Number of protein chains: 2
Amino acid sequence: MMSTAPRRAGRPKRSVLDRDLIVRTAFDVLRRTGPEDFTMAALAGELGVKTPALYHHVGNKTEVLSSMRELITSGIDHSGFGTLPWLDATRRWARSYRTAFAAHPHAIALLATTPVTGANPTLSMYEAVTQGFLDEGWPEELVVSAIVSLESFILGSALDAVAPADIFDTGDFAEQVPVFTQALAVRERFLGREDDASYATAVADQAFDLGLEAFLAGLSASLERLRNRPGDATAAR
Amino acid sequence: MMSTAPRRAGRPKRSVLDRDLIVRTAFDVLRRTGPEDFTMAALAGELGVKTPALYHHVGNKTEVLSSMRELITSGIDHSGFGTLPWLDATRRWARSYRTAFAAHPHAIALLATTPVTGANPTLSMYEAVTQGFLDEGWPEELVVSAIVSLESFILGSALDAVAPADIFDTGDFAEQVPVFTQALAVRERFLGREDDASYATAVADQAFDLGLEAFLAGLSASLERLRNRPGDATAAR
DNA sequence: ACCTGAACACCGTTCAAGT
DNA sequence: ACCTGAACACCGTTCAAGT
């Protein structure tokens, strides 16, 4: 990339980098290299600069990663809360949440570790979702856990979407695990297999769809039971 | 550790290392250092040897990691399948699955990426779980997805269990997200907070318990509907 | 202010030399 | 066979020197 003549040292007449360009380019590099080989040198190379140039615009590598995180999160659609019925709003949110992260699977592990602080899209999302759950009648002391448990499923599913098509390769040991091997074969026949990439997607989608509907139905039922409990003691506030 | 006198070069009279010792020690080091600083040098240091000594017993770092993975997986209890009702067997499996990985949270990201091959405890687990789901009546073309979706929730939850107690720190921006901030406060009052570590555990447990029961109830309901569908066309085989 | 070039303290891994 | 010591090709990051 950027195969113009090499730049000499010294400040260029027109600056080549800015923070936004770095972050956007980071996604291309991460997708191509995977998390293992996602290095500051690779990022700089794609941008046509030397590695140290990056440090004029970002403090360190972690800062690049959390900027990426915010960009991903800002693509999650929580617009259903306040306009659609809870179930539909939650389903829409969950789907777009998983899609947002599945598009950048290598960034998933980030979410669990980097704290959510500051006036960012992530906090805004939680505000909207919490309000939506409360409106539906979720008790205030459980609402965060309900959201977090759904997130766990979503992120786990996004993680699953990263898995290679042949993650379950019983190979030479098929005879030792015949039931599992057979189930894998039936699934493959059922979903149809063209190429590895589309099959991996189909497989992950089937698990996500099945799980999401079950989870949402289960949450609805739990809420119904909470609503009807005698002498409700959790009506906080 | 191992603060005996430094060893001179050359083969020691009695060998100091073996593969099993390396893997067991790896858990101690990983727990203490976190995944970031989990280096071959740190592992060697804990074992009282120089780094290259490890390569007489393991091929590379990845091999150490996947050995750890197998050790974790072998601790997952799938004994309920075939002996207990499906719901109880699945609950027991899910709980022990999450516990096994929550005990080694830094190893979670491994599972999603490293393929499952060979005659290992992991394949045996899938065999038992698949059989258990089939016995309950899950259609063969959906059984793997049902298991995988549950696993997604479990692994996502284990990932959540890694999160620091203050992962949601609205901090200076509490006024901008009042509903979410209030919900966090009510949860804290409800669960009680002694120290950060135990609070983080309590918080993660609440979300997991709530989610697991909802998910299992939802899966049961889905299965019931699948069982009753008219002119059942999925009785594969 | 914003780039390069050189340097620093790491990393995982290889391999000859020692016993 | 199994350890050390030295080396190699990397990493992220710092900083002086150039424009």
Side-chain angles (χ1 to χ4, degrees), chain A residues 1-23 25-26 29-30 32-68 106-107 109-110 113-114, chain B residues 1-23 25-26 29-30 32-68 106-107 109-110 113-114:
Chain A
M1 241 12 47
M2 290 279 134
S3 52
T4 36
R7 217 185 337 272
R8 335 209 300 287
R11 182 189 188 187
K13 314 174 78 168
R14 207 184 176 299
S15 87
V16 248
L17 297 179
D18 65 75
R19 212 197 152 84
D20 198 61
L21 178 65
I22 291 175
V23 175
T25 308
V29 178
L30 183 59
R32 187 156 37 76
T33 66
E36 210 80 341
D37 297 321
F38 177 69
T39 63
M40 293 298 266
L43 179 51
E46 178 73 21
L47 286 160
V49 299
K50 300 298 177 186
T51 313
L54 298 173
Y55 291 85
H56 288 282
H57 305 273
V58 297
N60 49 43
K61 189 178 181 180
T62 303
E63 211 174 293
V64 175
L65 293 171
S66 53
S67 293
M68 295 172 73
H106 299 313
L110 256 71
T113 46
T114 41
Chain B
M1 245 3 52
M2 289 279 133
S3 51
T4 36
R7 213 182 346 265
R8 333 207 302 287
R11 180 186 188 188
K13 314 175 76 166
R14 207 184 176 297
S15 87
V16 249
L17 296 179
D18 65 76
R19 212 194 151 83
D20 198 62
L21 178 64
I22 291 174
V23 176
T25 308
V29 178
L30 182 60
R32 186 155 37 76
T33 65
E36 210 78 339
D37 298 322
F38 178 68
T39 64
M40 293 298 266
L43 178 51
E46 178 73 21
L47 286 160
V49 299
K50 300 298 175 185
T51 313
L54 298 173
Y55 290 84
H56 288 281
H57 305 272
V58 297
N60 48 43
K61 189 179 180 180
T62 304
E63 211 173 294
V64 175
L65 293 172
S66 53
S67 294
M68 295 171 72
H106 299 312
L110 257 69
T113 47
T114 41

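This one's a predicted model, so the numbers in the text were calculated from it and none came from an experiment. Note on naming: letters A, B, ... go to the chains in the order of the sequence lines (proteins, then strands), and numbering restarts at 1 for each one. These numbers come from the heavy atoms of this one structure, side chains and all, not from hydrogens, waters or symmetry mates.
Computed from coordinates, the B:His57 NE2 to D:dA1 C1' distance equals 9 Å when rounded to whole Å. Residue A:Lys13 contributes atom NZ, which lies 15 Å from atom P of C:dC3 at whole-angstrom precision. Look at CG on A:Leu43: it is 12 Å from P on D:dC11, rounded to the nearest Å. Summarising the geometry, the separation between NZ on A:Lys50 and P on D:dC11 is reported as 13 Å, rounded to the nearest angstrom. Between A:Phe38 atom CZ and C:dC11 atom P the separation is 21 Å, expressed in whole Å. Distance, B:Leu21 CG to D:dC2 P: 14 Å, rounded to whole Å.
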Pairing of DNA chain D as dot-bracket, 5' to 3': ( ) intra-strand, [ ] crossing, | other strand, . unpaired, with Watson-Crick or G-U pairs under 3.5 Å? ||.|||||...|||||.||

Sugar-phosphate means primed atoms, P, OP1 and OP2; the rest is base. With that split, encode nucleotides 13-19 of chain C 5' to 3' as B, S or - using protein heavy atoms under 4.0 Å. BBB--BB

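The OG atom of A:Ser15 sits 11.0 Å away from atom NE2 of A:His56, with the distance rounded to the nearest 0.5 Å.
Remark: A:Pro12 engages A:Arg7, A:Val16 in a side-chain contact (heavy atoms from CB on, under 4.5 Å) (not counting sequence neighbours). Shown here are the salt bridge (charged side-chain N to carboxylate O under 4.0 Å, His left out) partners of A:Asp37, two or more places apart in sequence or in another chain: there are none. Applying the side-chain contact (heavy atoms from CB on, under 4.5 Å) test to A:Arg11 and every residue at least two apart in sequence or in another chain returns nothing.
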Please test A:Met40 against A:Val58 for side-chain contact (heavy atoms from CB on, under 4.5 Å), starting from the C-alpha separation and ending with a verdict. CA-CA 11 Å; A:Met40 293 298 266; A:Val58 297; 4.3 Å; yes

Checking side-chain contact (heavy atoms from CB on, under 4.5 Å) for the pair A:Leu21/A:His57: CA distance, chi angles, key distance, verdict? CA-CA 10 Å; A:Leu21 178 65; A:His57 305 273; over 6 Å; no

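Pairs passing the salt bridge (charged side-chain N to carboxylate O under 4.0 Å, His left out) check and including a residue from residues 58-68 of chain A, sequence neighbours excluded, read A:Arg19-A:Glu63.
Here the closest non-hydrogen pair linking A:Asn60 and A:Tyr55 is CA-CE2, 4.0 Å.
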